[in-house]
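In what follows, chains are A, B, ... by sequence order, proteins preceding strands, each numbered from 1.
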Protein chains: 2
Amino acid sequence: MLSVALGKVNSSVVFRLGVLGAMATDLFAARIEAHELKPKHVGLMVVLDAGRASSQLEIAGVMGVAPSLVVALADRLQKLGAIERVRDPADRRRQVLTLTEHGRELLAVCEELAQSADAEFAADLTAAESAVLTGLLDRLAARQGLPSASNDPK
Amino acid sequence: MLSVALGKVNSSVVFRLGVLGAMATDLFAARIEAHELKPKHVGLMVVLDAGRASSQLEIAGVMGVAPSLVVALADRLQKLGAIERVRDPADRRRQVLTLTEHGRELLAVCEELAQSADAEFAADLTAAESAVLTGLLDRLAARQGLPSASNDPK
DNA sequence: TCAAATCATTCAATGCATGAATGATTCGCA
DNA sequence: TGCGAATCATTCATGCATTGAATGATTTGA
């Protein structure tokens, strides 16, 4: 046991995840910037793609943000032609958001950018380690009620 | 291989790390709030404790933030009595920051709070899995030039 | 010795996100 | 059937973290 030194804060999952998460987000943000997207726009598209929510209020719940923020995010995505906004005929208070074909293409582009960012960010990990990390993060995500990559939504 | 469904964005390390990191930070922030601290204040204390930097400009470099932000963070910590600010006699432009005894105690309290937050956040992971996760995050952190828990600073 | 560089600090500006207020629609109940 | 309360989306003003530019003090190098 050679690792001495630093206090527990620094080896805490919560603390380190926070610091690295901010860096990861910055890196990803830089990659998608050219498409006029921020990470939360991609997050919204992921939620739609996962079929986890359709009305804006539900989306706000899944994303853990204020409903008014969803309005702004959806405005941008709609302007880009990535989503459609349709009043629910059964309840005309609700706005139902769906990915357009162009939205799916845009999401696919973001997927590639995310993978290229992964290659840079996790360059020190072997493929096996990377898979372990993804699996563990997925378990944590599932517990937080996020769309999980190992849940088939259909 | 049952995991079908979602696109690669959602299983990307960078993307998922970002989302979970934000949640982790929120959780940790809530725990330390009563001590008038934000995560970045703790981050600054960790840097000092690790002996990674002493002048404010160095600290800004390690933390990846603007020097003017370090001023504000240090102001708060000094007001709380957690750090001392002393002009370097050899170069009186530099402010040398050091943890006070109270600062070390405060950091210890944050350590406990971080661990309790860990217990909640990673409740689904076994102790072994948690250790693996910490190790992998540590590898990533080291690559990003952060104070690593497995680096003895002395 | 003096001009350029360096460090800390202040200050104004930016951008993300929130909560309260508003309007439209639906629901529950008398 | 009708009316008040609840629900959803939207707008708006506000708060807060962070940045970059401007300023002042000090050091460095020529």
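The side chain of B:Arg76 contributes no N or O atom lying less than 4.0 Å from OP1 or OP2 of D:dA17. OP1 or OP2 of D:dT18 lies within a sub-4.0 Å distance of a side-chain N or O belonging to B:Lys40. For the pair A:Gln95 and D:dC8, the criterion of a side-chain N or O lying under 4.0 Å from OP1 or OP2 is not met. Considering only side-chain N and O atoms, A:Arg94 lies nowhere under 4.0 angstrom from the phosphate OP1 or OP2 of D:dT10.
Closest to the side chain of B:Leu57, from the set C:dC7, D:dT11, C:dA17, is C:dC7. Side-chain atoms of B:Val71 lie closest to C:dT10 of the nucleotides D:dT18, C:dT10, D:dA9.
Expressed to the nearest 0.5 Å, how far CG of B:Leu69 lies from CD1 of B:Ile59 amounts to 11.5 Å. Note: A:His35 NE2 to A:Ile32 CD1 = 8.5 Å, rounded to the nearest 0.5 Å. To the nearest 0.5 Å, atoms CG (A:Leu113) and CG (A:Leu37) are separated by 9.5 Å. If you take CZ on A:Phe28 and CG on A:Asp118, they are separated by 9.5 Å, rounding to the nearest 0.5 Å.
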Identify all side-chain donor-acceptor contacts of residues 95-108 of chain B below 3.5 Å with residues at least two apart in sequence or on another chain.
from     : atom 1 : to       : atom 2 : distance (Å)
B:Thr100 : OG1    : B:Gly81  : O      : 2.7
B:Thr100 : OG1    : B:Ala82  : O      : 3.1
B:Thr100 : OG1    : B:His102 : N      : 3.4
B:Thr100 : OG1    : B:Gly103 : N      : 3.0
B:Glu101 : OE1    : B:Arg104 : NE     : 3.4
B:Glu101 : OE1    : B:Arg104 : NH2    : 3.2
B:His102 : ND1    : B:Leu80  : O      : 3.3

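Listed by first and then second residue, the salt bridge (Lys or Arg N to Asp or Glu O under 4.0 Å) pairs that reach into residues 122-133 of chain B are A:Arg139-B:Glu129, A:Arg143-B:Asp124, sequence neighbours excluded. Within the structure, side-chain hydrogen bond (donor to acceptor under 3.5 Å, both in side chains) contacts touching residues 53-66 of chain A (residues at least two apart or in different chains) are A:Ser55-A:Arg94, A:Gln56-A:Arg85, A:Glu58-A:Arg94. Within the structure, salt bridge (Lys or Arg N to Asp or Glu O under 4.0 Å) pairs that include any residue of residues 33-43 of chain B do not occur (at least two apart or interchain).
For A:Arg87 and D:dT7, the CZ to C1' distance is 12 Å, given to the nearest whole Å. Taking atom CG of A:Leu44 as the reference point, atom P of C:dA17 lies 12 Å away to the nearest angstrom. Between B:Met63 atom CE and D:dT18 atom P the separation is 9 Å, expressed in whole Å. If you measure from atom CD1 of A:Ile59 to atom C1' of D:dA9, you get 12 Å, rounded to the nearest angstrom. Remark: P of D:dT19 and CG of A:Asp26 are 9 Å apart, rounded to the nearest angstrom. Distance B:Asp75 CG to C:dC11 P: 12 Å, rounded to the nearest Å. Counting to the nearest Å, the P atom of C:dA8 and the CD atom of B:Gln78 are 13 Å from each other. Rounded to an integer number of Å, the gap from CD of B:Glu33 to C1' of D:dA17 is 15 Å.
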Taking N or O atoms only and anything under 3.5 Å, show me the protein contacts with nucleotides 19-21 of chain C, one pair per line.
from   : atom 1 : to      : atom 2 : distance (Å)
C:dG19 : O6     : A:Ser68 : OG     : 3.1

Protein-nucleotides 26-29 of chain C N/O pairs closer than 3.5 Å?
from   : atom 1 : to      : atom 2 : distance (Å)
C:dT26 : OP1    : A:Arg92 : N      : 3.2

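With hydrogens and angles disregarded, no donor-acceptor distance shorter than 3.5 Å links the side chain of B:Ser116 to the backbone of B:Glu112.
Across all strands shown, A:Val65 has heavy atoms under 4.0 Å from sugar-phosphate atoms exclusively, and none from any base.
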